[in-house]
Number of protein chains: 2
Amino acid sequence: MSKNTQTLYQHGTLALLVPGLLAGTQTIGELMHHGDTGIGTLTGLDGELIMRAGQVYQVNADGHVRIVGPEEQVPFANVHYQDDRAVGKITDQNFAGIKATILQVMGTSNVFYAVRLVGEFDQVQTRAVRGTQQPPFGTLAETAKAQSVFNATDIAGTLSGYYSPAIYGGATSPGFHLHFLDDEPTFGGHVLDAKVRRATLYLQEFTDLQLHLPTGNEQFRQEQFNTDEVLRDINQAEN
Amino acid sequence: MSKNTQTLYQHGTLALLVPGLLAGTQTIGELMHHGDTGIGTLTGLDGELIMRAGQVYQVNADGHVRIVGPEEQVPFANVHYQDDRAVGKITDQNFAGIKATILQVMGTSNVFYAVRLVGEFDQVQTRAVRGTQQPPFGTLAETAKAQSVFNATDIAGTLSGYYSPAIYGGATSPGFHLHFLDDEPTFGGHVLDAKVRRATLYLQEFTDLQLHLPTGNEQFRQEQFNTDEVLRDINQAEN
């Protein structure tokens, strides 16, 4: 079967993290049948995942990078088959400038995109959440407080992730959701700030979002989601 | 290829109807490659569509039912491959009671479902929108005003459509979105009210939502969506 490069695959919905539905509901092995590139987190919001070329890396709250096995589980992740194209260079821009440049190149804020920025960075600040790996799990707001923040300077690596239109905020993380992994890889996480020196921007536009829900998880089925609360907490925790 | 009965396919996002992006962006022929059952509307919000067994019917604002050809286009539609199962009878209930019963049988409000209620109805009230088939199109609120309302009593037919969780309100029509078509078929439309005498309820649960966006449509790409406004207008127009 040819790989579907038009579809952004998502397991779980960001909304389920808000009240603390952090149980892993899909294995890495299953997830990686839907793509070779992506981002996500493990059971209990444990660390920050970066998938590249079919390999899955976790940056944990100690700042360590390790390879994740196929039996480990995710409550939430996005993957796709990489088929992006270089659209230009970005030089000497801060994080706000990077995001503004990407949006300008995209030419729309209503379509899902994969974003990859590969090159040299003057500075990168990331965070990684320290997840509780056993239930009971805390809420997203509580769990996100237990995060470590890391800083690197003069580093070569890749900033990668997705752009999701704001109107799908209950399903996805609205706007940019970007992780970083350096070339080694020994440094990474969820990007809080960055200053690019010189890097190549790659974009991949999707026609389709495939939203896969953990319908077999009884806690997910019974949760009373509050849409307003979900959007507020997602914006606070993910940005 | 075996038919995927786990996926609810959606062309377009309900949000695009709000500011009046009513151009058809997918043909019926293309749409029906993703399912044999569903609901939708034609270019300009013209009438109410009901798909059953691969056939597409339009109820127009004159109340007429006609078969829709493969070259006609939709701005928004949902289809799936029918694989539902009978879960019980519903007798002597009004519309609120019907919806409450379905939710009770579903046992969750967080999962996408196809709903089909086949039998005899004491009373059904429907509406069909009179769409402007040529641009410029009005907004959803403006266009939805130009609707006809129809009433039938003692009628045998099928109430069919979808349940979508509220947290996906920007992408889908939150809650129940139900159309009706009688057995002839000569009567139908978007259901405003109903009283069931005796009917069998069929449900089909989906693990996946495939959201297909009209990424080639420049007006869609450039629209500045206001999430709050979108959710408000969808609730007003679709309920």
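Residue numbering restarts at 1 for every chain, and letters A, B, ... go by the order of the sequence lines.
Heavy atoms closer than 4.5 Å to chain B are found in the backbone of A:F206, but not in its side chain.
In terms of heavy-atom pairs under 4.5 angstrom with chain B, the leader among A:E223, A:Q224, A:Q6 is A:E223. When B:N110, B:L213, B:T108 are compared by the number of non-hydrogen pairs under 4.5 Å with chain A, B:N110 comes out ahead.
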> side-chain contact (heavy atoms from CB on, under 4.5 Å) between A:L209 and B:Q210: does it pass, once the steps are laid out?
Replying inline: CA-CA 6 Å; A:L209 170 71; B:Q210 183 178 351; over 6 Å; no

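Ion pairing between A:R221 and B:E205 holds under the 4.0 Å rule for side-chain N and carboxylate O.
The distance from the CG atom of A:L21 to the CD atom of A:E218 is 11.5 Å, given to the nearest 0.5 Å.
Aromatic ring pairs are classed by plane angle as parallel below 30°, tilted from 30° to 60° and perpendicular above 60°; the pair B:H212 and B:H11 is tilted.
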